[in-house]
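A short worksheet on the structure shown next.
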6 protein chains.
Amino acid sequence: MTRIRVINPNTSPGMTETIGRCARTAAAPSTVVTAVNPAMGPESVESHYDEALAVPGLLTEIAAGETAGGAHAADGYVIACFGDPGLDAARELATGPVIGIAQAAMHTAVLLGRSFSVVTTLPRTTGRTWDLARRYGFADACRGVHACDVPVLDLDDPGPGTVRTVTEACTAAVNEDGCDVVVLGCAGMAPLAPTLARRTGAQVVDGVGAAVKLVESLVSLGLRTSKGGEYAAPPSKKYAGLLGEFGL
Amino acid sequence: MTRIRVINPNTSPGMTETIGRCARTAAAPSTVVTAVNPAMGPESVESHYDEALAVPGLLTEIAAGETAGGAHAADGYVIACFGDPGLDAARELATGPVIGIAQAAMHTAVLLGRSFSVVTTLPRTTGRTWDLARRYGFADACRGVHACDVPVLDLDDPGPGTVRTVTEACTAAVNEDGCDVVVLGCAGMAPLAPTLARRTGAQVVDGVGAAVKLVESLVSLGLRTSKGGEYAAPPSKKYAGLLGEFGL
Amino acid sequence: MTRIRVINPNTSPGMTETIGRCARTAAAPSTVVTAVNPAMGPESVESHYDEALAVPGLLTEIAAGETAGGAHAADGYVIACFGDPGLDAARELATGPVIGIAQAAMHTAVLLGRSFSVVTTLPRTTGRTWDLARRYGFADACRGVHACDVPVLDLDDPGPGTVRTVTEACTAAVNEDGCDVVVLGCAGMAPLAPTLARRTGAQVVDGVGAAVKLVESLVSLGLRTSKGGEYAAPPSKKYAGLLGEFGL
Amino acid sequence: MTRIRVINPNTSPGMTETIGRCARTAAAPSTVVTAVNPAMGPESVESHYDEALAVPGLLTEIAAGETAGGAHAADGYVIACFGDPGLDAARELATGPVIGIAQAAMHTAVLLGRSFSVVTTLPRTTGRTWDLARRYGFADACRGVHACDVPVLDLDDPGPGTVRTVTEACTAAVNEDGCDVVVLGCAGMAPLAPTLARRTGAQVVDGVGAAVKLVESLVSLGLRTSKGGEYAAPPSKKYAGLLGEFGL
Amino acid sequence: MTRIRVINPNTSPGMTETIGRCARTAAAPSTVVTAVNPAMGPESVESHYDEALAVPGLLTEIAAGETAGGAHAADGYVIACFGDPGLDAARELATGPVIGIAQAAMHTAVLLGRSFSVVTTLPRTTGRTWDLARRYGFADACRGVHACDVPVLDLDDPGPGTVRTVTEACTAAVNEDGCDVVVLGCAGMAPLAPTLARRTGAQVVDGVGAAVKLVESLVSLGLRTSKGGEYAAPPSKKYAGLLGEFGL
Amino acid sequence: MTRIRVINPNTSPGMTETIGRCARTAAAPSTVVTAVNPAMGPESVESHYDEALAVPGLLTEIAAGETAGGAHAADGYVIACFGDPGLDAARELATGPVIGIAQAAMHTAVLLGRSFSVVTTLPRTTGRTWDLARRYGFADACRGVHACDVPVLDLDDPGPGTVRTVTEACTAAVNEDGCDVVVLGCAGMAPLAPTLARRTGAQVVDGVGAAVKLVESLVSLGLRTSKGGEYAAPPSKKYAGLLGEFGL
């Protein structure tokens, strides 16, 4: 049994539920998925500001996974927001592996062909996406980042207009970039993956499912974040004020 | 049930058996591993020449996987030689995903820390290893490639001297390069992974197990090589002479 | 008159005072430096975890600068921690330019020669330093990152032993890397810059002073963060729980 | 006298003849060109599969060049297929230098201007072309790869329609990419080079001629593949089955 | 008081006057700007040939700055031509810092957003601009180089047609490249910066002003070119013929 | 008959003679080598300053080659100084191809193996060498640059001590860097190439010979610098003062 804590870093329970459902669809029968979101922070992540302020809550959920017992204990974690917020900090805190969904989706995409393009929500997030592609080593493989200008929360129970808009962005990505694979650039798009794959004929990768499989794989292989240096547990120290409870 | 054909591209059945055992150890209970090696080609792969000539036999085994029925049918493939020989060609031929063990090991290593080093067999293979690290996007993450000057076939049922030599190379990699993770640069080293992890205290990644998990993951997610362009089935044409049977 | 808000993102007032003093030494006579630290967060930044949790407090101080009047109003900002925490988010929030001290120090160093090396505090921070060098475009120019294994708070009023340790790390950087310039990798090292320059004979760049000059320059040229896309003000939305006050 | 063995790795004698003619046109009067093709393998190379399976025959021809006497002995080799198949393996086997025509064409193109574009045959080969541009160091110099969707064997004695199609692709490359030089991405295009140069007004580089000149140059300078490490003669070992004759 | 020698490397006094005016506008009240041009060399720099031949005169002006006394002495230098001609040589010769305007403009632009595009004069100069972007580390940040096909000297007292042409090129850069910032690719465009910023709504960076601020900053921080290696004073030796006076 | 003008950009006739001898040794029997040096400029090139001031004289020699008739006419040019001074400007001026010896040596070296190291004269020139390796695309292939601290003119008729010093630097390059090939980083080392190859057992590439072969090859293939854009003839204009004669 592998226990994976899938953390939606925003505070919208509806989106957490959706993400949890997609994670469970991808998970092996023997995997227990606990989908959670923090009690603090933004209701959606649509800016660097939101992303930065989603991290404290995310870290609270990592800490909770470390101390939880039974089925809610965590052998590994998924950060279910395409900016992979707080990934490095989460790795310091967690005993088991931690995977971001942008990381997972890009890693998966390059196994399916020579190139991928990302379809994301707001135009202002494309810079962050390129940043991640570069950091993960996939700057050459990433052919384009296409924003479909849909706010994140519109993806929760999307109407046909929203689905059409995302489909068109995927089609444009394939045709304009000549890419082999489409990567969905928002956890909220996860439920659309099968529809988009069918409509575009392309391989479409959703990071939530991809991340669940990577965590299952690492746990099963007995591998976890290297704790010998950069990702060792953080030095303990005093934290002040509103964030006082974060002191280790 | 996922059926994975693990292909040892050399013609040494002992090594195939070892690789198969390691693949099965990594595989999920519901996965069926078929470990095979071609009937043609070199008994070990220790040069570009060997690697090039291991490919026809490898492709024969891909073709066999495509036409096999029952438990020997293949939902996906592992190429179990660290140079990832014939990966692009195999992808054209196969319906399901194909993963090389260098690719799998490097992909897995970068999920565990910021950097890895590779411990390989003969010094002459280090150039190829750097080539792959660059192609896969991990040139920055790869800190070093350490050859322990052990011939490939000596890794089949290795004596204590060989184990010591490989252990020392792993320790040197960690200490000299300051890397987070050690990647084993030969399928024949797979059985040593637990021992090396214990002795060095580092995360040690064996590509055979890593590749099995990646294929399981892709198959489970319903993903396969994009067939829309570069990796479409090869155009059919006449093949001459000794290789006449390879015509499609 | 240029008004610069220099934000020490940790909660140690002693360090804020030191940083303020160094900033004022570097500033033009007509510049007003307001050195502050947040009321919330870690007393020092020595891990990804600390860095992530220093950001909410930092953003509070950016917001305070935006609404302050008179001499405490801010024409621009300095983030005085070498990891440049929260830089992107701060830029979204601020009207005027925002500069991180790692960014400033590296930008300044490459104007003085072909290469620089960074002398930092704890070994675990070297990965982040390389990350920043890559993001800012200076991966080729950065020849090495040397940790002197001194905790950040030991740099506040350092004894002769600490000064000697840092000096030795600078000398090692120059000799081993053959670099033209030494970059000090911690705001707490700022007061040591003149001493280190004298003892090593090298050009030594402290990011606090460098950042003050860059902000002065941008303000004087009438330039500020481009607000047309990625760095536009964040979309307003609800924030929950402990971080409820961060809603815009 | 320099003796160059120009190997067409496919098994179409018509194309070998054409390549030989172009090679002789480029060669110095004192150079003897032996144009050959293997007796085994694909009649044209239009996929990774074809390319992989062209290599055994190519290596047979390298081996033949090593043992041939008199005018058919080889001081150096040209691999006359734009994917440069088997280049690394051939270098291990050969005493003299070995040059691929993609390598030769790209090396030559960057001596004529800042940038080049490649005009190739089938769209599915563009990925391989970019791969080679990256490996040879010319990723920045290569501005585009344009497929004209002409099967390789149509280039043997091409009709006016084919010539027009290739001309249009060259013109598009120059106009859209603003490149200085056009590189012909198939050995079969070699005879068209003068026509294309005249019609487009651009410098047009054919790899067959370029490779012949590079081999002549290296031989004349007394240089050959470094044999001290990666490209030393392959370790001898047993080869099984259909490829048994390849054992060294 | 900081004394900056701003060197227009061409021999057109009108342009020198314009550049001096822009430099003084950017300079702090306590800065003394001496704007000069050499007595030898081309009247404008529009080719590699012009650029190379502008360097001797430029170096004469550096040497003059080194020996001048009083208000014409130089604490630092600006090379006011967008190709940054002779920058390395000037650094060897000068005691104080030397900044090129392409360098200054690009450094400044990346502090204002994630990306910039350059608007330059003649199409033939775009290659050099990309060269500089790469050398300075900004190849990823530079999204495009747009030539507006205006000869350099037309920018001296430009008519409304010229202003319109440059404005259109700036607008095209913003719209086509999605860049955050426009960099003006010629010293002669400096006076147009405010107009272009107003008309395009973008942040527009003129290198002359940017360079003045960087030199002021470095001088104020007590920093100068590292003299320990590559940029040490040139070895003295005999110079022959027309350039005999350049011997050191 | 190919007529190649080999230009030693310094003003030392002894070195010109040596370079001419080496060029003729490498040249085909039907090639006429004219070895010249300018009448103006530095007696050796050992700094950026020297390099910049060697360019006017170099360009004079290019211009002379363009107008010369008979055997002194130039079908192509070699710039025989390892910094490749004035290469871009020379290409604008020349009708035929122009090759620098660093460019030629690096291009040749990568055809002989996976990597090379450069052995150069003064330590201060290593930065320029890396610059060129990056520009030509060989940053990955270049493993090291070793200065042997020998002044350029000491290489003219070198004593046994100088030869020993250079030999030791070559040996160190091979052993420390594990490179396949040694590139000689100064035209003055050309006569030592055979000795160094014999003593080190490595492939040793001298740029003078390599450049001669490349020019011969390009001329023979009917190729020359692309004149459609960046390298078109420079716009004609007035030149002032000492350099008045350079006006076109």
Side-chain angles (χ1 to χ4, degrees), chain C residues 25-30 88 91 97-99 103-104 106-116 133-142 174 178-182 193-194 197 201-206 209-210 212-218 220-231, chain E residues 25-30 88 91 97-99 103-104 106-116 133-142 174 178-182 193-194 197 201-206 209-210 212-218 220-231:
Chain C
T25 303
S30 63
D88 285 320
R91 283 179 169 170
V98 187
I99 302 290
Q103 183 179 43
M106 292 181 189
H107 267 271
T108 300
V110 296
L111 299 175
L112 305 173
R114 194 177 284 276
S115 62
F116 64 85
R134 276 196 203 99
R135 169 152 180 197
Y136 297 145
F138 305 134
D140 282 340
C142 183
V174 172
C179 62
D180 287 328
V181 181
V182 174
Q203 298 296 304
V204 174
V205 176
D206 144 51
V212 165
K213 301 316 284 182
L214 286 177
V215 172
E216 285 180 346
S217 296
L218 296 177
S220 151
L221 293 167
L223 296 169
R224 54 190 182 77
T225 304
S226 168
K227 288 288 176 175
E230 182 174 350
Y231 297 108
Chain E
T25 303
S30 62
D88 285 320
R91 284 180 167 168
V98 186
I99 302 290
Q103 182 179 44
M106 292 182 189
H107 268 270
T108 299
V110 295
L111 299 176
L112 305 174
R114 193 176 286 277
S115 61
F116 63 85
R134 276 197 204 98
R135 168 153 181 198
Y136 297 145
F138 305 134
D140 282 339
C142 183
V174 171
C179 63
D180 287 328
V181 181
V182 173
Q203 298 295 305
V204 174
V205 177
D206 144 51
V212 165
K213 301 316 285 182
L214 286 177
V215 172
E216 285 181 346
S217 296
L218 295 176
S220 152
L221 293 166
L223 296 168
R224 52 188 184 79
T225 304
S226 169
K227 287 287 176 176
E230 183 174 349
Y231 297 107

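Every chain is numbered from 1 and lettered A, B, ... according to where its sequence line falls, protein lines coming before strand lines. Predicted, not measured: the structure shown is a model, and the values here were computed from it.
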Quick one: what part of [X] sits under 4.5 Å from any heavy atom of chain C, side chain, backbone, both or neither?
X: E/Asp206; answer: neither
X: E/Asp140; answer: neither
X: E/Arg224; answer: both
X: E/Val204; answer: backbone
X: E/Leu218; answer: side chain

Among E/Arg135, E/Glu216, E/Lys227, which residue forms the greatest number of heavy-atom pairs with chain C at distances under 4.5 Å?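 Of the options given, most contacts go to E/Arg135.
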
So what's closer than 4.5 Å to chain E heavy atoms on C/Leu111: side chain, backbone, both or neither? both

Chain E contact via C/Leu221 - which portion, at a heavy-atom distance below 4.5 Å: side chain

Set out, in order, the CA-CA distance, both residues' side-chain angles and the distance that settles side-chain contact (heavy atoms from CB on, under 4.5 Å) for E/Arg91 and C/Arg114, then state yes or no. CA-CA 11 Å; E/Arg91 284 180 167 168; C/Arg114 194 177 284 276; over 6 Å; no

List the steps and the verdict of side-chain contact (heavy atoms from CB on, under 4.5 Å) for C/Leu112 and E/Thr225. CA-CA 4 Å; C/Leu112 305 173; E/Thr225 304; 5.7 Å; no

Who pairs with C/Gln203 by side-chain hydrogen bond (donor to acceptor under 3.5 Å, both in side chains), at least two apart in sequence or on another chain? none

Of all residues at least two apart in sequence or in a different chain, which pass the side-chain hydrogen bond (donor to acceptor under 3.5 Å, both in side chains) check with E/Ser226?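 Once residues adjacent in sequence are excluded, E/Ser226 has no partner under the side-chain hydrogen bond (donor to acceptor under 3.5 Å, both in side chains) criterion.
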
Going through the distances and angles, do C/Lys213 and E/Ser220 end up as a side-chain contact (heavy atoms from CB on, under 4.5 Å)? CA-CA 9 Å; C/Lys213 301 316 284 182; E/Ser220 152; 3.2 Å; yes

Would you call the rings of C/Phe138 and E/His107 parallel, tilted or perpendicular, where under 30° means parallel and over 60° means perpendicular?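 C/Phe138 vs E/His107 ring planes: parallel.
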
